[in-house]
Amino acid sequence: MKEKVQAALDNYVLAYTNNDKELFAGLWAPDAIFEDPVGAEPCIGIEAISAFWDFGHSEGMTIMPAEVQTVVCGSEGILKAIMQVHNSSDNSGMNISIVDHFVVNEEGKIVSGRAFWDENSITQADNLKSIDINIDDFKDRG
């Protein structure tokens, strides 16, 4: 089971690294729940999780994981990373220090994902204009 969880975490990172929505969507069980950040309305099911991807990857936006660390215990895993957000349309960006908690099923699909981050997790990206973010607005992304 540990290998399946590690593969899910590795492919999660790979999806962001390669800006690969298809890989990202394929990681999730059909009835998966994804809460990013914790406290936001959860995305339930692959369609809603795919819409979350689209929200974070609107025109010109990329999200690149850096300083990735993982811990796997049984069917669960923690992924800690700096998500480097960059909008090429206006050369703005930010870094978000996140801790993700995932539960993976026997098929190796993610059934639950919860991203822990808040305003204190955000820092200015080097050489980029600041992206102003209100976490409450982000949680109400609709």
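Basis for what follows: all heavy atoms, side chains included, without hydrogens, waters or symmetry-related copies.
- The shortest side-chain heavy-atom distance between Pro37 and Asp118 does not fall under the 4.5 Å cut-off.
- Classified by interplanar angle (parallel below 30°, tilted 30° to 60°, perpendicular above 60°), the ring pair Phe24/Tyr12 is tilted.
- Atom OG of residue Ser97 and atom CG of residue Asn120 lie 11.0 Å apart, to the nearest 0.5 angstrom.
- Distance CD/Glu35 to CZ/Arg114: 4.5 Å, rounded to 0.5 Å.
- At least one side-chain heavy atom of Ile98 sits under 4.5 Å from a side-chain heavy atom of Leu79.
- Across all their heavy atoms, Asn105 and Ala29 have their closest contact at ND2-CB, 3.9 Å.
- Taking NE2 of His57 as the start and OG1 of Thr62 as the end, the distance is 7.0 Å to the nearest 0.5 Å.
- A continuous path of Ile, Leu, Val, Met, Phe, Trp and Tyr side chains, each step under 4.5 Å between heavy atoms, connects Val68 with Tyr16, placing both in one hydrophobic cluster.
- Between Ile63 and Gly56 the shortest heavy-atom distance is CD1-O, 3.5 Å.
- From Ser121, atom OG reaches atom CD1 of Ile96 across 8.0 Å, with rounding to the nearest 0.5 Å.
- Ring geometry for Phe34 against Trp28 counts as tilted: the plane angle lies between 30° and 60°, on a 0 to 90° scale.
- Evaluated for a side chain to side chain contact (heavy atoms under 4.5 Å, CB included) with Trp117, the options Val99, Ile122, Asp100 yield exactly one hit, Ile122.
- Val5 and Gly74 get closest at one heavy-atom pair: CG2-O, 3.5 Å.
- Considering NZ of Lys4 and CD1 of Ile110, their distance stands at 14.0 Å, rounded to 0.5 Å.
- Atom NZ of Lys21 is surrounded by more than 12 heavy atoms from other residues, nucleotides or ligands within 6.0 Å.
- Lys109 contributes no side-chain N or O that, together with a main-chain N or O of Ala8, makes up a donor-acceptor pair within less than 3.5 Å.
- In this structure, Met64 CE and Ile82 CD1 are separated by 14.0 Å, a value rounded to the nearest 0.5 Å.
- Between His101 and Val103, the shortest heavy-atom contact is CE1-CG2, 3.7 Å.
- For the residue pair Gln6/Thr70, the side-chain donor-acceptor check at 3.5 Å is satisfied.
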Steps toward side-chain contact (heavy atoms from CB on, under 4.5 Å) verdict (Asn19, Trp53) = CA-CA 10 Å; Asn19 200 25; Trp53 174 276; 3.6 Å; yes
Give the intermediate values and the outcome of side-chain contact (heavy atoms from CB on, under 4.5 Å) for residues Leu23 and Asn11.
-> CA-CA 7 Å; Leu23 175 59; Asn11 283 321; 4.3 Å; yes
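- Environment of CD in Glu47: sparse, with no more than 12 heavy atoms of neighbouring residues, nucleotides or ligands closer than 6.0 Å.
- One hydrophobic cluster, built from ILVMFWY side chains closer than 4.5 Å, cannot hold both Ile33 and Phe52; they sit in different ones.
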Stepwise side-chain contact (heavy atoms from CB on, under 4.5 Å) test for Ile78 and Gln69 | CA-CA 8 Å; Ile78 296 290; Gln69 299 175 1; over 6 Å; no
Report the C-alpha separation of Val104 and Met1 in whole Å, then their side-chain angles, then the decisive distance to 0.1 Å, and conclude whether the side-chain contact (heavy atoms from CB on, under 4.5 Å) test is met.
-> CA-CA 9 Å; Val104 176; Met1 189 65 194; 4.2 Å; yes
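- The two residues Gly113 and Phe102 make their nearest non-hydrogen contact at CA-CD2, 3.7 Å.
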